Every structure is written in structure tokens, then in C-alpha cells.
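Fair warning: this is a prediction, and the values are worked out from it, not measured in the lab.
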Amino acid sequence: MVDLKRHEKEKYFLTAIGEKELFPSLHDPHSRELSVVIPAYNEELRMPVMLEEAMEYLENRQKLRPSFTYEVIVVDDGSKDKTTENRGKGGAVRMGTLSSRGKVVLMADADGATKFADIEKVEAGLHDLDPKPENMAISCGSRAHLEEESVAQRSLFRTFLMYGFHFLVWFFCVRGLKDTQCGFKLFTREAALKTFSSLHVERWAFDVELLYIAQCFKIPIAEVAVNWTEIEGSKLVPVWSWLQMGRDLVFIRLRYITGAWRLESPRKTD
């Protein structure tokens with residue numbers, strides 16, 4: 001069973017007037033149009049730039065349509081700098097998503113590698129899926145269209161590792177998607193609850209398990225090309241991180257096949 005327990009300090013937040021209030025729950029009806037969930041790990045240098053771009057876009061969108069409501073949730077995943085303190089990336093995204101109030105939930109990386117305005121592209125992808133009647137759909141930003149250029153800039157060994165990872169994703173977990181790792185994914189509230197309630201992996205390969213769960217539940221998934229720029233300061237160690245993710249992919253499939261992990265029915269966090 002997925003451990004959805006919160007530490008005591010994860011159950012409450014301080015309001016603008018300093019009062020303690022329980023975090024919202026994804027189980028509750030939505031009260032915002034959009035939630036943006038940003039996992040942060042030692043991001044005191046990159047995140048301010050990303051947040052400035054995101055807030056400018058969201059504020060302008062609200063000026064054009066005053067009924068548009070949103071929230072931005074920054075979740076720490078174990079920072080050692082001055083960001084704050086807490087979990088792994090997958091666990092951080094899960095906790096932020098399960099505390100969100102949006103009708104749709106955007107997962108966006110703190111590095112700002114994807115232009116925030118590209119939310120309109122993944123929104124269009126979600127709309128094209130026509131998620132009714134259960135309102136289940138996921139729209140994934142994709143860098144697959146940039147792969148030819150990136151291969152030209154990589155060493156032969158790193159290119160081999162990249163294609164090896166893609167093969168393992170296809171063989172063990174997710175088929176039909178070219179880019180599972182782009183940190184720009186949009187979920188309907190119902191799809192977020194269904195998938196994140198079963199998420200076990202708390203490291204970098206959590207995206208793959210999330211999409212594996214979605215495909216097991218037959219949730220429609222769109223893959224949408226987005227603008228993407230390499231931003232200095234990546235936390236991935238090229239060889240070690242890919243090997244670690246490859247190992248996680250094997251474990252994901254084996255644990256579901258053996259019954260060690262099961263697809264969960266959505267339940268509230270403690």
C-alpha cells in the first residue's frame with residue numbers, strides 16, 4: 001500500500017494573517033481553475049526566474065479573464081541549500097498534487113526549461129482528448145521533436161545510455177509515448193487523484209510509474225511538443241542517474257507483476 005501519511009508540519013500551512021490551517025485535499029471539489037505544482041530541490045538560484053515568468057503569465061491571464069483563478073504550490077523535496085527541507089521529487093510532486101485545489105493540475109519543473117506560456121499547448125492537448133464523462137485525461141509536454149539535435153551534441157556513450165533508457169521504458173512500462181521525462185504535465189483533477197493515489201516511486205523515475213498507472217487505468221494521454229531549453233544546474237548525474245532510473249524501471253514492472261505493488265483506490269492522506 002502506498003504510504004500517504006504526512007508529517008505533522010505537512011498537515012498545516014500558515015495563512016496570510018499567520019493562522020494555522022489544514023491543507024486542502026484533492027478529494028475535495030475544486031475551488032480553483034488551475035493548480036501549478038513545482039517540486040524544488042536546491043533551487044534558490046533557478047526557481048526565482050521560473051516563478052517570475054509563471055506569475056507574470058498567470059497574472060496577465062487573470063487580467064484578461066478576471067474569473068480565472070489559480071494557485072502555485074512549491075513543494076520541497078529534500079533541499080540542502082536555503083530552499084527548505086523534505087522528500088524525493090516524486091514524493092514532493094505527489095504531496096503537492098494531493099494538496100491542490102485546481103480543476104486541472106500542472107506539474108512544472110523549477111528550472112523553467114519549458115516556457116510557462118506553453119501551458120496553452122498542453123491545455124489544448126487535454127481538450128482534444130475530450131475527457132468526458134469521467135473527466136480522465138493527461139497531457140504531457142514532450143521534447144521528442146528536439147531529440148535529433150540533442151543526439152548531435154551528446155557523446156556516443158551518453159547517446160547509448162539515452163536510447164537504452166528509452167528502450168527500458170518501452171519494454172517494461174510505457175508504450176506509445178516518446179518522452180516520459182519532460183517535467184511539464186497537465187492532469188484533470190480526476191486523473192491526478194487516480195494516478196497519484198497509486199504512485200510508489202519517489203525518485204526521478206516517478207514519471208514513468210505515473211504514466212504506467214495511467215495506461216493501466218486506460219486514462220487517455222496526449223503528447224504535445226513544447227519549447228525546451230537546457231538550463232544549467234541540473235540535479236541529474238548523467239551516468240549514475242540514468243543507471244538508477246533504469247534499475248527503477250525494472251523494479252516498477254516486477255513489483256506490479258508480483259503483486260508487491262497494487263493499483264490503489266483513491267483515499268485521503270492522514
Mind checking what makes side chain to side chain contact (heavy atoms under 4.5 Å, CB included) contact with [X], not counting sequence neighbours?
| X | result |
| --- | --- |
| Val169 | Phe165, Val174, Thr180, Val208, Leu249 |
| Asp130 | Lys132 |
| Leu14 | Lys20 |
| Val49 | none |

Who pairs with Arg101 by side chain to side chain donor-acceptor pair (under 3.5 Å), at least two apart in sequence or on another chain?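 Partners of Arg101 by the side chain to side chain donor-acceptor pair (under 3.5 Å) criterion, ordered by chain and then number, come out as Glu71.
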All salt bridge (charged side-chain N to carboxylate O under 4.0 Å, His left out) counterparts of [X], not counting sequence neighbours:
| X | value |
| --- | --- |
| Glu190 | none |
| Glu59 | none |
| Lys121 | Asp118 |
| Arg32 | none |

Quick one: hydrophobic cluster around Ile257, which other residues, with the 4.5 Å side-chain cut-off, linked directly or via members?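 Cluster partners of Ile257: none, it stands alone.
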Residues sharing Phe23's hydrophobic cluster, by side-chain heavy-atom contacts under 4.5 Å among ILVMFWY, directly or via others?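 Besides Phe23, the cluster holds Phe13.
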Hey, does the Lys NZ or Arg CZ of Arg94 hover above the aromatic six-ring of Phe196, less than 6.0 Å from the centre and inside 45° of the axis? no
Which pairs pass side-chain hydrogen bond (donor to acceptor under 3.5 Å, both in side chains) with one or both residues in residues 212-225, sequence neighbours excluded? Ser142-Glu223
